[in-house]
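Written below as structure tokens is the structure these notes are about.
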Amino acid sequence: MKLSLRHRLIFVHLLMLLVVTVAGGLIISYQLEDYYESRLFHQLKTHVDEVEYLLAVGAFGTNSLAASYNLLVDYAETVNARLTLIDSLGVVVFESGVKMDSLRFVENHGSRPEVEMAAREGFGGARRLSATVKERLFYAAKKVSPRHRSAGLLAGVEFVRLAVPLDEVEAVLRDLRWKIFGGGGMALLLIALVSYWASSRLTAPIQKLAHVAESVKKGDMEAHFAPESRDEIGELSELLNDMLAKLRDDVKQMRKLQTMRSQFLGNVSHELSTPIFAVQGYLETLLDDKVKDEKLQKSFIEKAYRQTKRLNNLLTDLIDISRIETGDMKMSMRYFEIHEWLTKQITELQATAQQNGITLELTPSNTPVNVLGDRERLAQVLTNLVENAIKYNVTEGRVEVGYKDFVEEIEIFVSDTGRGIPEEHLGRIFERFYRVDRERSRAVGGTGLGLAIVKHIVEAHESHVHVHSQVGKGSTFSFRLKKMGESPLAQIRSQALA
Ligand SMILES: Nc1ncnc2c1ncn2[C@@H]1O[C@H](COP(=O)(O)OP(=O)(O)OP(=O)(O)O)[C@@H](O)[C@H]1O
Ligand SMILES: [Mg+2]
């Protein structure tokens, strides 16, 4: 059976209480019984002493035996006890429970335990069944001391014995026990009620937490754990709220990533299908022998070829992007001389510039500077930037590449006299597949992946791409690279890397 926390708490409380009440009750009632009996015994002893004294002073008379007998009976009734007087041989000479004329039928009391004990020790006590009156009694007996031995009628009395019925004693004790256990029971009931109330107060906030957790489990991310109290449970609900908030953000992020991924996939298939359909179209036209003119045939083939080139570029870009995103694109950092490197890059790009009727220039610089970076990846960056500057330029436009020297870094810039980028697009041109002018971009063979790759590579160099653009005037893209430091350590490092 599954017990709720609350029921378990109550159960444990009650169990503990029960143990305490029962054990406490038992201990108390035993103690009280002990106390009561010792008091009773003490009382009997006092009365026994009293009888001894009264006998000695002759208070019970000296002339008539019958009168003495009656006085003794009266005394026994007054102290509410049975009185027995026994002589040295054990013969009962008086017994308050027996008529005087029947006394001779009473057996010898010499071997009664309390009498034997009194004979031995001066004082004796016992609790047992009386053979004389057939009742359970509590006895106290005393051996009369020689100086109290009275003369006259009661001269032969050796032992004074008093007894009270045990039933009476037990009735009192029973009553006492009832009171103790009754009180305990009441306390148990009361505490059970308090415990029920307290545990429900304690478990109610936990139940509320469980309730909210249940709705979170069902997918309600907006659920909120109300901090009910300022104790551990309150702390727990605050913690859970923090956790939920984090979870909400994570889920939001995950959903955003998911939409981005599906958008990316859509874009990819769209970008791939366009050139594929184009190639298919050109080839079909040629296969159908519809174009007879050889010149036209050749131009179709060229067009198809350009489309396959575009496909190839797109695929390389896609592979780069995915390698960057999976973290597979590792940078291999080396120190290299920037001017020399730029010269080489620009020379390679001159052909493209010329084809587009654009002047491409490298701003001369006479101070050689060593910088840190991955030359191959940086070539990719520069090619992308310069190609953009060429593609989105005006007829007979100019592209200028160069670098500025700063204390710890150099800044490489690619500047063009092109159309510029409208302000509202500036924030988005680094997104994958983002193109300001879709038609123009496609016409010049762009897919919108170039700047996304540029951004990633530059960021891997702990830098970022800066754009300054004015519509109608041109754009400048720039980024920084770390220079080789002058410190001995940096030199050792550069030698190690070189
Ligand atoms: N120098 C520039 N002048 C004007 N517009 C630019 C310039 N560089 C980039 N752009 C704009 O930013 C967009 C994104 O550039 P990006 O290099 O990412 O893509 P793309 O050149 O179209 O394609 P890809 O580089 O993948 O072949 C371009 O489509 C263009 O609209
Ligand atoms: Mg580009």
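Counting starts at 1 for both ligands and their atoms, following the listed order. Position 1 is the first residue of the sequence, and the numbers go up from there.
Residue Tyr35 qualifies as open at atom OH: its count of foreign heavy atoms under 6.0 Å is 12 or below. Environment of CZ in Phe277: sparse, with no more than 12 heavy atoms of neighbouring residues, nucleotides or ligands closer than 6.0 Å.
Classified by interplanar angle (parallel below 30°, tilted 30° to 60°, perpendicular above 60°), the ring pair Trp341/Phe336 is tilted. Taking the six-membered ring for Trp and thresholds of 30 and 60 degrees, Phe264 and Phe433 have ring planes inclined between 30 and 60 degrees apart.
Heavy atoms of Ile421 found under 4.0 angstrom from ligand 1 belong exclusively to the side chain. Counting heavy atoms under 4.0 Å from ligand 1, residue Asp317 touches it through the side chain alone. Residue Asn384 touches ligand 1 through its side chain alone, judged by heavy-atom distances below 4.0 Å. In Asn313, neither the side chain nor the backbone holds a heavy atom less than 4.0 Å from any atom of ligand 1. The proximity of Phe430 to ligand 1, defined as any non-hydrogen pair under 4.0 Å, does not occur for either the backbone or the side chain. Counting heavy atoms closer than 4.0 Å to ligand 1, residue Glu387 contributes nothing at all.
The backbone N or O of Ile358 lies less than 3.5 Å from no partner atom in the side chain of Asn356, so there is not a single donor-acceptor pair.
Shown here are the protein N/O/S atoms lying under 2.8 Å from the Mg ion (ligand 2), water excluded: Asn388 OD1.
With Phe123 as the aromatic partner, Lys45 meets the cation-pi criteria of under 6.0 angstrom to the ring centre and within 45 degrees of the ring axis.
Residue contact check: Lys391 has heavy atoms under 4.0 Å from atoms 21 (O), 27 (O) of ligand 1. Counting atoms of ligand 1 from 1 in the listed order, those under 4.0 Å from a heavy atom of Val436 are 11 (C), 29 (O), 31 (O). Residue Ser475 approaches ligand 1 through these ligand atoms, each under 4.0 Å from one of its heavy atoms: 3 (N). Within ligand 1, the atoms closer than 4.0 Å to a non-hydrogen atom of Tyr434 are 13 (C), 14 (C), numbered from 1 in the order shown. Residue-ligand proximity, Phe477 to ligand 1, at heavy-atom distances under 4.0 Å covers atoms 1 (N), 8 (N).
Once rounded to the nearest 0.5 Å, the distance linking CG of Leu14 with OG1 of Thr21 reads 9.5 Å. Of the inter-residue distances, the one linking Lys404 atom NZ with Ile412 atom CD1 reads 12.0 Å to the nearest 0.5 angstrom.
Nearest-heavy-atom check against atom 23 (O) of ligand 1 across Gly474, Ala452, Gly448, Ser415 picks out Gly448. Residue nearest to atom 15 (O) of ligand 1, selected from Asn393, Leu451, Ile321: Leu451 (by heavy-atom distance).
A salt bridge does not link Lys246 to Asp242: none of the charged nitrogens lies less than 4.0 Å from a carboxylate oxygen. With salt bridges taken as basic N to acidic carboxylate O contacts below 4.0 Å, one links Arg480 and Glu411.
Side-chain atoms of Gln258 and Arg261 include no donor-acceptor pair closer than 3.5 Å. No hydrogens or angles considered: a donor-acceptor pair under 3.5 Å links the side chains of His425 and Tyr434. Side-chain contact annotation: Thr363 with Glu400, donor-acceptor N/O pair under 3.5 Å present.
Ligand 1 has a nitrogen or oxygen under 3.5 angstrom from a nitrogen or oxygen of Asn388.
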